[in-house]
Amino acid sequence: QVQLVESGGGLVQAGDSLRLSCAASGRIFSSFAMEWFRQAPGKEREFVAGIRWSEGTTFYADSVKGRFTISRDNAKNTVDLQMNSLKPEDTAVYYCAADRNSRGSSSTRAMDYWGKGTLVTVTV
């Protein structure tokens with residue numbers, strides 16, 4: 001079993017930066033991929049960014065490319081999401097997810113484990 005706990009959410013203004021962190025515990029294997037998703041009020045959960053745990057290869061949604069950076073620390077079993085130049089449309093609950101498929105995925109249906117989420121609110 002894998003447990004994921006997100007932290008770092010908060011209230012910021014447009015243009016600010018915020019760093020989210022996901023602490024993973026349990027049976028995390030080097031073959032896992034890790035992803036961040038978000039869900040805005042009244043909308044479906046959507047993919048934000050992903051990283052292949054062993055290779056470190058990253059992939060992003062077009063809406064955040066160039067502004068967000070995902071990274072991981074294998075020794076600490078953490079995955080971070082650095083968010084720069086935040087916009088009001090980035091407001092959402094952000095979820096960390098673990099994917100046993102090493103290639104990773106942008107589909108919510110492909111995720112095997114989820115955290116409970118952390119709220120990010122961006123004001124104008």
Please list, one pair per line, the donor and acceptor atoms closer than 3.5 Å that link side chains of residues 8-24 to other protein atoms, with sequence neighbours excluded.
from: Asp16; atom 1: OD2; to: Gln13; atom 2: N; distance (Å): 3.1
from: Ser17; atom 1: OG; to: Asn84; atom 2: OD1; distance (Å): 2.9
from: Arg19; atom 1: NE; to: Asp80; atom 2: OD2; distance (Å): 3.2
from: Arg19; atom 1: NH1; to: Gln82; atom 2: OE1; distance (Å): 2.9
from: Arg19; atom 1: NH2; to: Asp80; atom 2: OD2; distance (Å): 3.2
from: Ser21; atom 1: OG; to: Asp80; atom 2: OD1; distance (Å): 2.9

query: Would one find more than 12 heavy atoms of other residues, nucleotides or ligands at under 6.0 Å from atom CD of Glu89?
result: yes
- prompt: Salt bridge between Lys65 and Asp62, side-chain N to carboxylate O under 4.0 Å?
  reply: yes
- prompt: Is the shortest heavy-atom distance from the side chain of Asp90 to the side chain of Val120 under 4.5 Å?
  reply: no
task: Kindly indicate whether the side chain of Trp114, heavy atoms from C-beta on, has any atom under 4.5 Å from the side chain of Leu4.
output: no
- request: Determine yes or no for a side-chain-to-main-chain donor-acceptor pair under 3.5 angstrom, with Glu35 supplying the side chain and Ala49 the backbone.
  value: no
- prompt: From Gln3 CD over to Lys116 NZ, what is the distance, rounded to the nearest 0.5 angstrom?
  reply: 10.5 Å
message: Quick check with a 6.0 Å cut-off and a 45 degree axis cone: is Arg45 positioned over the face of Tyr95's six-membered ring?
response: yes
Distance (rounded to the nearest 0.5 Å) between Phe47 CZ and Ser105 OG: 8.0 Å
- request: Heavy atoms only: give me the nearest Val64-Val48 pair and the separation to one decimal.
  value: CG2-O, 3.4 Å
message: Can a donor-acceptor pair be found, under 3.5 Å and without considering hydrogens, that links the side chain of Asp112 to the backbone of Arg100?
response: yes
task: Working to the nearest 0.5 Å, report the span between CE of Met83 and CZ of Arg38.
output: 9.0 Å
field: Straight-line distance of Ser102 OG to Phe32 CZ, nearest 0.5 Å
entry: 10.5 Å
Heavy-atom closest pair, residues Ile70 and Met34: CD1-O, 4.0 Å
